[in-house]
Amino acid sequence: MVSFTDFFLTSLLAAAGLGSALPPQISTTKDQNGRLTLKQVRNPRPHKAFNPARATYRTFLKYGVPAPDYIKKAITHIDDEQEEAFSRSKRDTGSAAAIPINEVDIAYVTPVTVGTPPQTLMLDLDTGSSDLWVFSSLTPSSQVRGQDIYTPANSSTSKLLNGHTWSIRYGDGSGSRGTVYLDTLAVGGLEVKSQAVQTAQEVSSSFTQEQSLDGLMGLGFSTLNTVRPSSQLTFFDNARPSLDEEVFTADLKYHATGSYDFGFVDRAKYTGNISYTAVTESPGYWTHSLSGYAVGSGAFQTTRLSGISDTGTTLLYLPTAVVTAYYRQVQGAQNSQYYGGYVFPCSSSLPTFTFGIEEARFTIPASYINYTRISPTSTTCYGGLQSSSGLGINIFGDVALKAAFVVFSGTNPPRIGFAHK
Ligand SMILES: C[C@@H](SC(=N)N)c1ccc(Cl)cc1
Ligand SMILES: C[C@@H](SC(=N)N)c1ccc(Cl)cc1
């Protein structure tokens with residue numbers, strides 16, 4: 001007669017073996033005589049945790065024995081503890097659209113919800129700055145032209161950050177300033193409970209005129225944040241502790257909607273391998289180097305070019321020597337004081353431009369560099385590649401970034417990765 005204890009233990013072990021994971025993957029090998037060997041391998045896919053009480057309960061059912069009450073309770077005790085452990089673990093991610101705000105991709109905006117109930121704003125996710133600021137109920141109505149605004153008074157979770165102000169000036173001369181609230185903020189399903197939301201009390205004319213842009217979300221390093229007396233963290237820095245991976249990715253597209261992902265690298269969005277290169281955080285930008293460049297089908301020039309990968313800047317700005325080498329290949333191109341940059345007859349054909357990330361090569365199609373007509377009726381076109389000599393910094397802006405899938409990795413040390421797509 002098999003004692004109950006033996007029965008119970010045997011079935012528990014049997015169940016443990018069966019219930020532990022999804023059926024293990026089998027790898028097979030065949031020797032020269034055709035003999036097959038089955039080798040068990042651990043199941044590499046993450047799977048739901050095993051609940052031994054549930055396995056025991058099933059064993060009782062299998063042998064037609066009514067399961068005692070304490071087994072049923074044990075199932076819940078174990079499920080609850082596993083859920084609690086899972087919720088403490090890093091597993092948050094987010095994914096949201098990057099939508100061009102006009103027909104030449106001058107900037108991209110992403111839907112962001114702020115406050116309770118959620119107020120949706122379209123923000124320019126900008127790796128070249130670190131302030132999250134929005135058009136708000138505090139922005140003079142004379143400076144608001146069609147933008148959506150954040151009204152802290154309508155949010156039950158908003159809290160004024162007393163005595164704190166901010167003021168920012170961007171490289172193109174635009175700027176804004178104001179006060180600060182803390183509130184719940186989410187991007188693509190990824191929520192931060194207490195994000196510093198900088199409410200504009202003044203914005204410059206270029207922002208007023210950009211009616212489809214309700215503000216910026218800085219994704220540079222938090223050292224650049226302008227809130228005083230105490231600087232605030234970016235959304236990415238606030239979200240980090242709960243992210244599966246300490247990364248966000250940019251998949252910007254030419255004349256089409258792309259995406260920003262947080263906390264994971266989506267294998268479906270790129271081909272081949274990701275080529276990583278070192279990032280220095282100084283002075284707060286994603287600063288790294290290119291390993292060189294090529295104009296059209298010309299030879300690759302190996303030369304380290306340091307600059308910043310900046311989703312908030314429209315064009316690609318490189319040293320004059322590189323830019324003149326490029327436009328030398330363009331019929332009728334000139335560096336126009338009048339138009340403030342390299343222009344060419346819209347009928348001219350343009351070469352591609354290739355940049356290197358370590359050993360990898362990324363080619364920007366000519367269409368991306370044929371950026372825009374000076375005016376709808378003009379036959380003069382403005383280049384997407386311009387000289388950085390007046391800026392003091394090379395900027396790998398959207399014209400370059402949209403030619404790749406880009407991984408901004410907040411690991412220690414930080415790094416940036418580029419892949420083909
Ligand atoms: C970092 C960008 S501005 C931005 N992406 N928020 C920049 C810096 C300096 C110059 Cl000169 C021009 C552009
Ligand atoms: C990120 C800053 S500076 C820049 N990269 N042009 C910016 C973005 C959009 C507008 Cl409309 C004005 C300024």
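Ligands are counted one by one from 1 in listed order, and the atoms in each one are counted from 1 as well.
- Contacts of Thr127 with ligand 1, taken as heavy-atom pairs under 4.0 Å, are absent altogether.
- Under a 3.5 Å cut-off, the side chain of Ser155 and the backbone N or O of Thr116 do form a donor-acceptor pair.
- Residue Tyr170 has at least one heavy-atom neighbour below 4.0 Å for each of these atoms of ligand 1: 6 (N).
- If you look at Phe396 and Trp286, their ring centroids are not closer than 6.0 Å.
- The closest non-hydrogen atom to atom 3 (S) of ligand 1, taken over Gly397, Gly312, Gly390, Gly171, comes from Gly171.
- Between His420 and Phe362, the ring center distance clears the sub-6.0 Å criterion.
- Cation-pi contact between Lys72 and Tyr57: absent, since separation from the ring centre below 6.0 Å together with deviation from the ring axis within 45° is not met.
- Residue contact annotation: Tyr317 has no non-hydrogen atom under 4.0 Å from ligand 1.
- Here His288 and Tyr276 keep their ring centres 6.0 angstrom or further from each other.
- Every atom of ligand 1 with a heavy atom of Thr313 under 4.0 Å away is listed here by number and element: 2 (C), 5 (N), 13 (C).
- Near Leu391, with a cut-off below 4.0 Å to any heavy atom, the atoms of ligand 1 are 11 (Cl).
- Aromatic pair Phe355/Tyr293: centroids not less than 6.0 angstrom apart.
- At least one N/O-N/O distance between Asp310 and ligand 1 falls below 3.5 Å.
- In terms of N/O distances under 3.5 Å, ligand 1 is approached by Asp126.
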N/O donor to acceptor pairs below 3.5 angstrom from side-chain atoms of residues 244-252, sequence neighbours left out:
residue	atom	partner	partner atom	Å
Asp244	OD1	Arg91	N	3.3
Glu246	OE1	Arg240	NH1	2.6
Asp251	OD1	Lys421	NZ	2.7

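- Distances below 4.0 Å separate heavy atoms of Ile308 from the following atoms of ligand 1: 1 (C).
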